[in-house]
2 protein chains.
Amino acid sequence: METTKFFSEDMLSDVVTVLKALADPTRLKIINILMDGETCSCEFTEQLELPANLLSHHLRTLKKANLITGRRDNVDGRWIYYSLNKEALARWQQLLGEFLDPARIEPRKCLCGPEGQTAPINPEKVMIETN
Amino acid sequence: METTKFFSEDMLSDVVTVLKALADPTRLKIINILMDGETCSCEFTEQLELPANLLSHHLRTLKKANLITGRRDNVDGRWIYYSLNKEALARWQQLLGEFLDPARIEPRKCLCGPEGQTAPINPEKVMIETN
DNA sequence: GATTAAGTTCAACCATCGTTGAACTTTCAT
DNA sequence: ATGAAAGTTCAACGATGGTTGAACTTAATC
């Protein structure tokens, strides 16, 4: 008997990648800053006080998780602007919301242990057996 | 000028703890199995094919994140049953859902870069200046 | 072309984490 | 008490990941 899988095996890897990308205080702050709209890296270094290379590393991690995108400045190509991937965010909000949904929890109790053997929780079965 | 914080500083650590607890394929599977209701560890070892100590380690991580609870069998105290912490799950579903909400993304563009200096995006301001 | 500025990449370090095997604890059975 | 079973804890290993400083790329300026 196999449990119904929520995430397919190939999707599991993506889920873990995104969750790992989210599981860092600096990157959570980056995402929150990006909620204000397209942002240049000067705001990151100002608000996060990170060296440029470390900021680059975290942005790279978020990029690999497909959570953000970057584009170069039209006037001065040295500058880069970063934005949240709105579609990806919506997708993960939805998927994680469904996965964590407490309504999915079933009231079933495990019957394979000693407790389930000696004290069945099903009242109907008790009635039938005692008839 | 400071960005509006979504997670308070003390809460940030809890968020990271939960996200790190979730960011592992085995633990995601454990959570999904627990969606079927209270479960003894025999189901875990059967479905996950993990050595007992490794399973114990992952359950411990989920416990520390306050995502699951355990209780001993009433008949045979050697057995332990695990359940999802429904309230915690509901709370994180809510919080992560709000945090990731794409509706929070504002359309603002960064004006501090070269692009913003030479080509203002505000049409009104352009009208006024050319008048 | 040389120089400066914005970002990235690289190598190295250190901490964390998943994994493993063994020792240990707790609980029940004989 | 002795022994077995269910879980936990411990120590060690290997891999991953955040951090740092230096070298490198790319792009604009002189």
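A, B, ... follow the sequence lines: proteins, then strands. Residue 1 opens every chain. Everything numeric here is computed off the predicted structure, so don't read it as measured data. What's counted below: heavy atoms across the whole structure, side chains too, no hydrogens, waters or symmetry copies.
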Under the side-chain hydrogen bond (donor to acceptor under 3.5 Å, both in side chains) test, which residues partner B/Asp76, sequence neighbours left out?
B/Arg78
Interface polar pairs with nucleotides 2-5 of chain C, N/O, under 3.5 angstrom:
{"from": "C/dA5", "atom 1": "O4'", "to": "A/Arg78", "atom 2": "NH1", "distance (Å)": "3.2"}

End-to-end axis angle, where each axis spans five pairs of the helix from C/dG1-D/dC30 to C/dT30-D/dA1, to 10°
10°
Name the atoms and distances for all side-chain donor-acceptor pairs under 3.5 Å in residues 17-29 of chain A, with sequence neighbours left out.
{"from": "A/Thr17", "atom 1": "OG1", "to": "A/Ser13", "atom 2": "O", "distance (Å)": "2.8"}
{"from": "A/Asp24", "atom 1": "OD2", "to": "A/Thr26", "atom 2": "N", "distance (Å)": "3.0"}
{"from": "A/Asp24", "atom 1": "OD2", "to": "A/Arg27", "atom 2": "N", "distance (Å)": "3.1"}
{"from": "A/Arg27", "atom 1": "NE", "to": "A/Ala21", "atom 2": "O", "distance (Å)": "2.7"}
{"from": "A/Arg27", "atom 1": "NH1", "to": "A/His58", "atom 2": "ND1", "distance (Å)": "3.0"}
{"from": "A/Arg27", "atom 1": "NH2", "to": "A/Lys20", "atom 2": "O", "distance (Å)": "3.2"}

Side-chain donor or acceptor of B/Arg72 paired with backbone N/O of B/Gly77 under 3.5 Å:
yes
Protein-nucleotide distance (B/Tyr81, atom OH; D/dA6, atom C1'), rounded to Å:
12 Å
Taking atom P of D/dG7 as reference, at what distance in whole Å does atom CZ of B/Phe44 sit?
10 Å
Pairs satisfying salt bridge (Lys or Arg N to Asp or Glu O under 4.0 Å), at least one member in residues 48-69 of chain B, at least two apart
none
Apply side-chain hydrogen bond (donor to acceptor under 3.5 Å, both in side chains) to B/Gln94 and list each qualifying residue two or more places apart in sequence or on a separate chain.
B/Glu98
Quick one, give me the B/S/- string for nucleotides 8-19 of chain C, reading 5' to 3', where B means a protein heavy atom under 4.0 Å from the base and S means that only happens at the primed atoms, P, OP1 or OP2.
BB--------BB
A/Glu49 CD to D/dG18 P, straight-line distance once rounded to whole Å:
20 Å
If you round to the nearest 0.5 Å, how far is OG1 of B/Thr45 from CG of B/Leu54?
12.0 Å
To the nearest Å, give me how far apart CG (A/Asp73) and P (D/dT26) are.
19 Å
The ring-ring contact (aromatic ring centres under 6.0 Å, His included) partners of B/Tyr81 (sequence neighbours excluded) come to none
Can you name the residues that form a ring-ring contact (aromatic ring centres under 6.0 Å, His included) with A/Phe7, not counting sequence neighbours?
A/Phe99
With A/Asn74 via side chain to side chain contact (heavy atoms under 4.5 Å, CB included) - residues at least two apart
A/Arg71, B/Glu115
Rounded to the nearest 0.5 Å, what separates atom CD in A/Glu38 from atom CD in A/Glu43?
10.5 Å
Please list each protein N or O that sits under 3.5 Å from an N or O in nucleotides 12-15 of chain D, with the distance.
none

So, is B/Ser41 close to the D/dG7 phosphate, meaning a side-chain N or O under 4.0 Å from OP1 or OP2?
yes
Sequence neighbours excluded, the answer for side-chain hydrogen bond (donor to acceptor under 3.5 Å, both in side chains) partners of B/Asp101 is none
N/O donor-acceptor pair under 3.5 Å between B/Asn85 side chain and B/Asn66 backbone
yes
Minimum heavy-atom separation for A/Arg108 to B/Asp36, with atom names?
NE-O, 2.7 Å
